[in-house]
Trainee: 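Below you will find the structure I want to go over with you.
Keep in mind the model is a prediction, meaning the values are calculated, not measured. Side chains are part of it too, since the values below use all heavy atoms of this structure and drop only hydrogens, waters and symmetry mates.
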Amino acid sequence: MLNRKYKILLFMTAAVWGSGFPITKIALNYGISPNAILAVRFLSASVLLFLYLCYKKEKIEKTEMKLGLFTGSLLSLGFSLQTVGLSYTTASKNAFLTGTYVVLTPFFAWIFTKKMPRKQVYLSCFLSLTGIFLLSWSGENFSMQFGDILSLLCAVFYAIQISYMSARIGNKNPLHVNFFQMLSAGILTLIYNILLEEGSVFSFPENRVQFFSVTFLVIFNTLLAYSAQTVAQKYVESSLVCLILSTEILFGAFISFLFLGEILSFQSLLGGFLMFLSIFLAEFEWKKKK
């Protein structure tokens with residue numbers, strides 16, 4: 001029952017992240033640069049978590065700090081590679097190639113935990129990746145370009161971040177770890193913004209739409225969502241974590257359909273069905289006949 005509660009928490013996290021797609025798109029359309037959004041998101045979330053931890057006056061362990069700083073650096077690299085990759089490839093290819101972290105995560109988890117993934121996880125990963133393909137692909141010919149390589153590298157960093165966090169979180173306080181994760185990701189994306197985007201973050205916000213959209217992303221998609229994910233990873237295996245979180249692309253498509261008028265085709269619905277089927281299969285316990 002406890003385990004189920006944290007799986008529901010992961011679904012809620014995926015839904016919130018899905019809502020971030022149209023919100024981020026609106027913010028970008030109103031002139032804010034990608035790494036500026038990330039820097040504001042992560043640094044603001046770290047400040048809010050710092051104030052909370054000061055209020056609680058809890059002792060922070062050195063191992064919590066190390067884990068958070070490391071996973072935060074992976075997070076910043078993943079986000080930035082995905083963002084830069086998007087500049088050199090199509091949105092659909094970027095979404096699909098980034099989504100390959102679903103397949104990579106169980107293998108990195110194997111490396112970090114020395115535990116082989118359950119057999120049904122392989123089928124679940126294949127079904128989930130097929131679902132992501134159907135949701136994101138728009139019919140263009142496939143050929144590997146520079147942006148596609150960056151998108152694949154992004155998937156590698158996401159997979160390492162999820163599997164390493166699950167393997168090392170143990171009895172550590174998730175909020176302590178997440179504070180350092182947000183701080184690390186925030187500082188690094190700030191550096192990326194200064195180096196690659198002329199420090200545009202220092203002119204934020206330039207208009208009201210930028211302010212309110214990024215505020216939504218800070219509170220819901222960053223502070224609450226990443227705290228929820230870190231807590232849930234104490235109780236849910238990493239292969240299932242990535243399968244559930246991958247449904248963010250499905251939630252994103254549905255929310256974009258509701259609020260931005262984007263088309264939700266039969267292909268998208270089939271993709272969504274396969275993604276949920278993959279989670280069901282991963283949950284199902286195969287028993288040998290005696």
Trainee: So, S46 side chain and L43 main chain: donor-acceptor pair closer than 3.5 Å or not?
Mentor: yes
Trainee: Assess whether atom CZ of F211 is packed by more than 12 heavy atoms of other residues, nucleotides or ligands within 6.0 Å.
Mentor: no
Trainee: Run the ring-centre check on Y164 versus F70 and record whether the distance is less than 6.0 Å.
Mentor: yes
Trainee: Decide yes or no for L274 and S278: does some side-chain heavy atom of the first lie under 4.5 Å from some side-chain heavy atom of the second?
Mentor: no
Trainee: Looking at L77, is its backbone amide N or carbonyl O close enough to the side chain of S80 to form a donor-acceptor pair, meaning the two atoms are under 3.5 Å apart?
Mentor: no
Trainee: Please walk me through it: do Y158 and T98 pass side-chain contact (heavy atoms from CB on, under 4.5 Å)?
Mentor: CA-CA 8 Å; Y158 281 162; T98 300; 3.6 Å; yes
Trainee: Does the ring centre of F220 sit less than 6.0 Å away from the ring centre of W17?
Mentor: no
Trainee: Got a donor-acceptor contact below 3.5 angstrom from the T113 side chain to the A109 backbone?
Mentor: yes
Trainee: Would S76 and L38 count as a side-chain contact (heavy atoms from CB on, under 4.5 Å) if you check the C-alpha gap in whole Å, the side-chain angles of each, and the deciding distance to 0.1 Å?
Mentor: CA-CA 8 Å; S76 71; L38 297 175; over 6 Å; no
Trainee: I want to check something: taking the side chain as every heavy atom from C-beta on, are V214 and P205 in contact at a cut-off of under 4.5 Å?
Mentor: no
Trainee: Evaluate side-chain contact (heavy atoms from CB on, under 4.5 Å) for I162 paired with Q229, printing each intermediate quantity in order.
Mentor: CA-CA 9 Å; I162 290 173; Q229 180 196 347; 4.1 Å; yes
Trainee: Output yes when a side-chain donor or acceptor of N193 lies under 3.5 Å from a complementary backbone atom of S200, and no otherwise.
Mentor: yes
Trainee: For R41, does its backbone N or O pair with a side-chain atom of S44 as donor and acceptor, under 3.5 Å?
Mentor: no
Trainee: S238 versus F112: any side-chain heavy-atom pair under 4.5 Å?
Mentor: no
Trainee: Distance alone, cut at 3.5 Å: any donor-acceptor contact between the side chains of Q233 and T230?
Mentor: no
Trainee: Hey, quick one: are I8 and V231 part of the same hydrophobic cluster, counting side-chain heavy atoms closer than 4.5 Å, chains of contacts allowed?
Mentor: no
Trainee: Taking the six-membered ring for Trp, are the ring centroids of F42 and F79 within less than 6.0 Å of each other?
Mentor: yes
Trainee: Less than 3.5 Å apart, any donor N or O on the side chain of Q161 or T71 sitting next to an acceptor on the other?
Mentor: no
Trainee: For E61 and T63, does a side-chain donor sit closer than 3.5 Å to a side-chain acceptor?
Mentor: no
Trainee: Evaluate side-chain contact (heavy atoms from CB on, under 4.5 Å) for F107 paired with L104, printing each intermediate quantity in order.
Mentor: CA-CA 6 Å; F107 295 99; L104 297 172; 5.7 Å; no
Trainee: Within the side chain of Q82, is there an N or O that forms a donor-acceptor pair under 3.5 Å with the backbone of G78?
Mentor: no
Trainee: Within a 6.0 Å radius of atom CD on E58, are there more than 12 heavy atoms belonging to other residues, nucleotides or ligands?
Mentor: yes
Trainee: Measuring from atom OG of S213 to atom CG of L217, what distance do you get when rounded to the nearest 0.5 angstrom?
Mentor: 6.5 Å
Trainee: Measuring from atom CG of L49 to atom CZ of F179, what distance do you get when rounded to the nearest 0.5 angstrom?
Mentor: 7.5 Å
Trainee: As an exercise, state the distance from CH2 of W110 to OG of S163, rounded to the nearest 0.5 Å.
Mentor: 14.0 Å
Trainee: So, the side chain of S124 versus the backbone of I279: is there a donor-acceptor pair under 3.5 Å, distance only?
Mentor: no
Trainee: Determine the sole option in L129, L245, L243 for which the side chain to side chain contact (heavy atoms under 4.5 Å, CB included) test with V102 is passed.
Mentor: L243
Trainee: So does R168 get a backbone contact from the side chain of K172, meaning a donor-acceptor N/O pair under 3.5 Å?
Mentor: yes
Trainee: Can you establish whether the number of heavy atoms outside F11 located under 6.0 Å from its atom CZ is more than 12?
Mentor: yes
Trainee: Can you confirm whether V16 sits close enough to M12 that some side-chain heavy atom of one is under 4.5 Å from a side-chain heavy atom of the other?
Mentor: no
Trainee: Do you see a donor-acceptor pair shorter than 3.5 Å between the side chains of N178 and S227?
Mentor: yes
Trainee: Distance-only, no hydrogens or angles: does the N207 side chain make a donor-acceptor pair with backbone N or O of Q210 under 3.5 Å?
Mentor: yes
Trainee: Rounded at 0.5 Å granularity, tell me how far CD1 in I169 sits from CD in E64.
Mentor: 7.5 Å
Trainee: Do I60 and V47 share a hydrophobic cluster, counting only Ile, Leu, Val, Met, Phe, Trp and Tyr and linking them when any side-chain heavy atoms are less than 4.5 Å apart?
Mentor: no
